[in-house]
**Student:** 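Below are the structure tokens for one structure; questions will follow.
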Amino acid sequence: MPGLPTSLLSIVSADEVLAHLDTPRYLVVDARTAERFAGVPHPLDPRCGHIPNAKNRFFADNIAANGLLHYPVVLRQHWQTLIDPYGPEQVVH
């Protein structure tokens, strides 16, 4: 992805995330709707709810009213508020 340091683009295994659920090593961000994140039953999602300590940001919240992605400054503000005090390199999507 242009503009991002490659040190921020990495892959973390599910086992790695699972091993650190109760530590501040990673922040998991769930991109599903708030209802699915909260555990409201859904026919496509037989396992309702979310990973412990995860935060939710519905993927469509990244899109402005005009159908395009929000401006980078807006996205940065929203994401920094969501992930604080974690750094971008600690966020798992």
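These numbers come from a predicted model, not from an experiment.
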**Student:** Check whether any side-chain heavy atom of I51 sits under 4.5 Å from a side-chain heavy atom of L21, and report yes or no.
**Tutor:** yes

**Student:** With a 4.5 Å cut-off on side-chain heavy-atom distances among I, L, V, M, F, W and Y, is there a chain of contacts connecting L27 to W79?
**Tutor:** yes

**Student:** For the pair N62 and L75, evaluate side-chain contact (heavy atoms from CB on, under 4.5 Å) and give the outcome as yes or no after the intermediate values.
**Tutor:** CA-CA 7 Å; N62 296 314; L75 288 171; 3.5 Å; yes

**Student:** Distance-only, no hydrogens or angles: does the N56 side chain make a donor-acceptor pair with backbone N or O of R32 under 3.5 Å?
**Tutor:**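 Checked: pair present.
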
**Student:** Check whether E35 reaches the backbone of H42 with its side chain - one donor and one acceptor, N or O, closer than 3.5 Å.
**Tutor:** no

**Student:** Hey, what do you get for CZ (R57) to NE2 (H93), rounding to the nearest 0.5 Å?
**Tutor:**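 Interatomic distance, R57 CZ to H93 NE2, rounded to 0.5 Å: 10.5 Å.
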
**Student:** If you apply the rule side-chain contact (heavy atoms from CB on, under 4.5 Å), what do you find for N53 with D22, and how did you get there?
**Tutor:** CA-CA 8 Å; N53 301 318; D22 296 323; 4.0 Å; yes

**Student:** Determine whether a donor-acceptor pair (N or O, by modelled atom type, separation under 3.5 Å) exists between the side chain of E16 and the backbone of S13.
**Tutor:** no

**Student:** Parallel, tilted or perpendicular: which describes the rings of F37 and H50, with under 30° parallel and over 60° perpendicular?
**Tutor:**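 The arrangement is parallel - the two ring planes meet at less than 30°.
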
**Student:** Going from CD1 on I63 to NE2 on H70, what distance comes out if it is rounded to the nearest 0.5 angstrom?
**Tutor:** 8.5 Å

**Student:** Should V29 and V17 be regarded as members of a common hydrophobic cluster, given that ILVMFWY residues are connected when their side-chain heavy atoms come within less than 4.5 Å of each other, either directly or indirectly?
**Tutor:**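 Each belongs to a different hydrophobic cluster.
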
**Student:** Examine V12 and V28 and state if one hydrophobic cluster contains both, with Ile, Leu, Val, Met, Phe, Trp and Tyr joined whenever side-chain heavy atoms are less than 4.5 Å apart.
**Tutor:** yes

**Student:** Can you name the nearest heavy-atom pair linking L68 to N66, along with the distance?
**Tutor:** N-OD1, 2.9 Å

**Student:** Just how far is it from atom OG1 of T33 to atom CZ of F59, taken to the nearest 0.5 Å?
**Tutor:** 9.0 Å

**Student:** I need the minimum non-hydrogen distance between K55 and L82, along with the two atoms involved.
**Tutor:** NZ-O, 2.8 Å

**Student:** Any idea which heavy atoms bring C48 and P41 closest together, and the distance?
**Tutor:** SG-CA, 3.4 Å

